[in-house]
There are 2 protein chains.
Amino acid sequence: MTKKLLLKDVAKLAGVSEMTASRALRGAPDVSAKTKAKIEEIARTHGYVPNRIAGSLSSQSVNLVAVVVPSLNSFVFPEVLSGISAVLKESPLKPVVGVSGYDLEEEESVIREMLSWRPSGLIVAGLEHTEATRRMLQQADCPVVEVMDVDGDPVRHCVGISHLQAGGGMAEQILARGYRSIGFIGTKMPQDFRARKRFEGFTDGLAAQNVTLSDMEHYSGESSIQTGRQLTSQMLARNPHLDCIYYSSDVMSVGGLMHCLAAGLSVPGDIALAGFNNLQILQGLPLQLATTDACRHEIGERAARIILKSRETGKAEELVFDRLTPAISLGETL
Amino acid sequence: MTKKLLLKDVAKLAGVSEMTASRALRGAPDVSAKTKAKIEEIARTHGYVPNRIAGSLSSQSVNLVAVVVPSLNSFVFPEVLSGISAVLKESPLKPVVGVSGYDLEEEESVIREMLSWRPSGLIVAGLEHTEATRRMLQQADCPVVEVMDVDGDPVRHCVGISHLQAGGGMAEQILARGYRSIGFIGTKMPQDFRARKRFEGFTDGLAAQNVTLSDMEHYSGESSIQTGRQLTSQMLARNPHLDCIYYSSDVMSVGGLMHCLAAGLSVPGDIALAGFNNLQILQGLPLQLATTDACRHEIGERAARIILKSRETGKAEELVFDRLTPAISLGETL
DNA sequence: ATCGGTATCGACACCGTTATCGATACCGGG
DNA sequence: CCCGGTATCGATAACGGTGTCGATACCGAT
């Protein structure tokens with residue numbers, strides 16, 4: 001670990017000015033091919049790593065896009081991220097992830113932290129924020145995209161699906177198939193606004209046809225197969241007549257399916273199941289579960305494209321409000 | 001979106017010097033409680049967001065810890081991350097995640113990018129890197145921890161488990177239970193060095209008792225339940241006499257279990273199954289799968305603690321080499 | 001009243017890079 | 001051979017904060 005190597009050192013070794021070295025290493029014009037090669041050679045052999053803090057301060061530009069999500073522990077947000085990365089790949093921009101833990105206060109502090117690095121764009125999951133967060137988003141001098149959800153009042157750009165609509169759509173499908181004794185099982189309900197909206201849309205959809213929820217469970221912990229299995233078991237124990245359960249996520253509905261397998265219940269004969277998200281990784285189970293696709297990858301792509309476009313053009317972008325359609329796939333459990 | 005607010009503006013509004021405003025907002029000493037309150041009030045109402053680029057350049061310190069992982073799409077690395085976050089939570093440091101996509105060239109570029117931000121520490125998954133990456137890690141003027149794996153030659157600090165040992169241990173357990181017709185199914189084998197080491201340790205473990213692998217499948221795509229199911233189906237079709245399959249990951253072994261369920265095979269009567277990682281989210285299946293715990297959370301915690309400690313003390317840390325013990329849990333499928 | 005000590009604050013330099021603009025060298029055309 | 005134009009390069013001033021150290025005010029003790 002030798003003493004840190006600065007641009008001036010590289011320049012001195014190459015016998016040029018700092019300015020020329022800087023240009024050469026950034027691929028900027030006004031450097032002859034020969035000197036450029038020499039400088040690059042020296043930088044490489046000596047392991048020079050440019051100080052982007054200084055560079056960004058000077059150039060007033062940071063090639064980072066801040067992405068703030070509630071969690072990485074589900075499969076949901078990594079897929080949004082991969083959509084973002086895919087689009088950003090062919091640009092100098094890089095995504096930087098922050099995790100808010102489904103906590104609006106924490107979200108505020110994470111966003112404040114990220115904005116303090118003056119990113120080229122900010123993508124944040126959800127429309128619900130503290131007042132201070134909303135102010136920051138409004139005043140941020142970079143494009144801001146709120147993703148995943150469109151049911152609410154976006155601060156700037158917005159790309160997502162309507163979770164109200166997703167819940168309502170599933171209610172329609174379930175009712176259309178004749179189910180009437182319906183339960184709901186959700187996780188993280190206090191904090192997960194989108195799950196709550198699905199729940200709301202779902203009960204509204206039922207109510208529209210004069211059906212009320214027969215039972216429900218709002219679990220505050222994380223989703224897991226185990227949790228889904230246990231809650232399903234409990235709910236069916238106290239309500240054996242239920243003929244359908246709607247879950248806040250696929251992971252939970254898989255747990256439900258596991259309970260049914262163990263209990264010898266036929267699905268959907270004895271009981272129908274439906275989840276949400278359409279997670280690829282859960283394909284391959286005994287039955288293909290009914291679910292709604294949340295368009296995660298595409299949401300990520302579109303959000304990233306908004307950032308890119310607003311970078312190319314000279315700001316003053318008109319606001320984008322992209323409402324994608326959540327497609328229901330019935331699978332074999334409805 | 002008003003014109004950007006600088007520290008000097010806040011200072012002017014508060015009628016103090018930039019220096020005093022800076023101190024007040026950072027909670028530094030030498031500011032009276034009254035002026036501090038006033039400055040904070042002004043900063044809050046006007047929505048001042050400090051420019052950490054300038055601040056970091058000046059103070060020569062960045063409260064970020066770079067974390068480079070191959071992927072976020074499995075459950076594996078998010079758990080390492082949560083261990084890191086948990087430890088960093090009570091410090092000013094924040095983790096920043098970079099994804100290398102199981103590609104050493106991409107890893108090099110991600111690490112170069114992260115180091116150019118002069119983080120307070122770097123945590124990177126794996127011991128295999130390009131030569132250029134190794135040089136960067138050596139020369140980085142921050143603590144560097146290679147995590148997950150200990151089978152190799154760490155550049156600096158190292159926290160992980162031996163995947164050779166993990167594979168060997170599972171081989172022992174499988175042989176001890178009398179299985180002799182054994183297959184292996186792995187994903188990402190060309191790029192996932194740790195999976196390859198488990199494979200190697202596994203075959204060595206078998207060889208030690210004069211057993212050779214009866215069949216194997218090295219699939220290059222990502223892990224998924226579906227893939228596990230299909231590959232298991234194919235392998236059992238061409239080798240019906242197999243009595244045990246070892247998978248490179250739990251997600252794949254779940255797929256194997258799903259095939260057995262569908263095919264009416266009894267587990268472990270007709271065929272035994274074992275995976276790797278001990279993923280919590282997959283608990284709750286019909287059978288608890290045999291697996292090896294990869295100590296993900298603890299690895300993250302320990303790595304973060306190394307960074308913290310080396311920050312407190314004045315560098316010159318002695319190298320840490322933490323070899324955790326991967327515990328096998330037999331479950332009900334062996 | 002004088003003095004040393006502490007609390008509070010500000011002026012100035014500096015962090016490592018890049019934007020700007022001027023300087024120099026070199027080239028072909030008239 | 002002179003001249004305008006281009007290619008190449010360097011000196012200087014930022015960028016927006018913070019470290020340092022000196023200045024000032026205020027306090028109780030002598």
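Chain naming here is simple, since letters A, B, ... match the order of the sequence lines and numbering starts at 1 in each.
Ion pairing of B/Glu128 with B/Lys197 is present here, as a side-chain N (NZ or NE/NH1/NH2) and a carboxylate O approach within less than 4.0 Å. A/Glu41 and A/Lys38 are not joined by a salt bridge, as no carboxylate oxygen comes within less than 4.0 angstrom of a charged side-chain nitrogen. We find that A/Glu298 and A/Arg302 are joined by a salt bridge, their nearest charged nitrogen and carboxylate oxygen being less than 4.0 Å apart. By the 4.0 Å N-to-carboxylate-O rule, B/Lys12 lies too far from B/Glu18 to be salt-bridged with it.
For D/dG16, one of the phosphate oxygens OP1 or OP2 lies less than 4.0 angstrom from a side-chain nitrogen or oxygen of A/Gln60. Distances shorter than 4.0 Å separate some side-chain N or O of A/Ser32 from OP1 or OP2 on D/dC9.
Side chains of A/Asp103 and A/Gln191 form no contact here, defined as non-hydrogen atoms less than 4.5 Å apart.
Of the candidates D/dG17, D/dT18, D/dC9, D/dG17 carries the atom nearest the B/Tyr48 side chain, counting heavy atoms from C-beta on. Side-chain atoms of A/Arg23 lie closest to C/dT20 of the nucleotides C/dT18, C/dC9, C/dT20. Closest to the side chain of B/Met19, out of D/dT8, C/dG16, D/dT18, is D/dT18.
For A/Lys8 and D/dA11, the NZ to C1' distance is 15 Å, given to the nearest whole Å. The separation between B/Asn51 atom CG and D/dA14 atom C1' is 14 Å, rounded to whole Å. Rounded to a whole Å, the CD1 atom of B/Ile53 is 10 Å from the C1' atom of D/dC15. Here the P atom of nucleotide C/dC14 and the CD atom of A/Glu18 are 15 Å apart, to the nearest Å. Put simply, NZ on B/Lys4 is 6 Å from P on D/dG16, counting in whole angstrom units. The CG-C1' distance, from A/Asn63 to C/dT17, rounds to 15 Å in whole Å. Computed from coordinates, the A/Trp117 CH2 to D/dG16 P distance equals 15 Å when rounded to whole Å.
At a cut-off of 3.5 angstrom, the base of D/dG17 holds no donor-acceptor pair with the side chain of B/Arg26. For A/Ser58 against C/dT18, a side-chain N or O and a base N or O form a donor-acceptor pair under 3.5 Å.
When heavy atoms are screened at a 4.0 angstrom cut-off, A/Leu6 is found touching the sugar-phosphate backbone but no base atom. Within the nucleic acid shown, B/Asp30 comes within 4.0 Å of at least one base atom, counting heavy atoms only. In this structure, B/Thr35 reaches the sugar-phosphate backbone alone: every heavy-atom distance under 4.0 Å involves primed, P, OP1 or OP2 atoms, never a base.
Along DNA chain C, the nucleotide nearest A/Gly55 and the nucleotide nearest B/Thr20 are compared for position; the residue whose nucleotide lies closer to the 5' end is B/Thr20.
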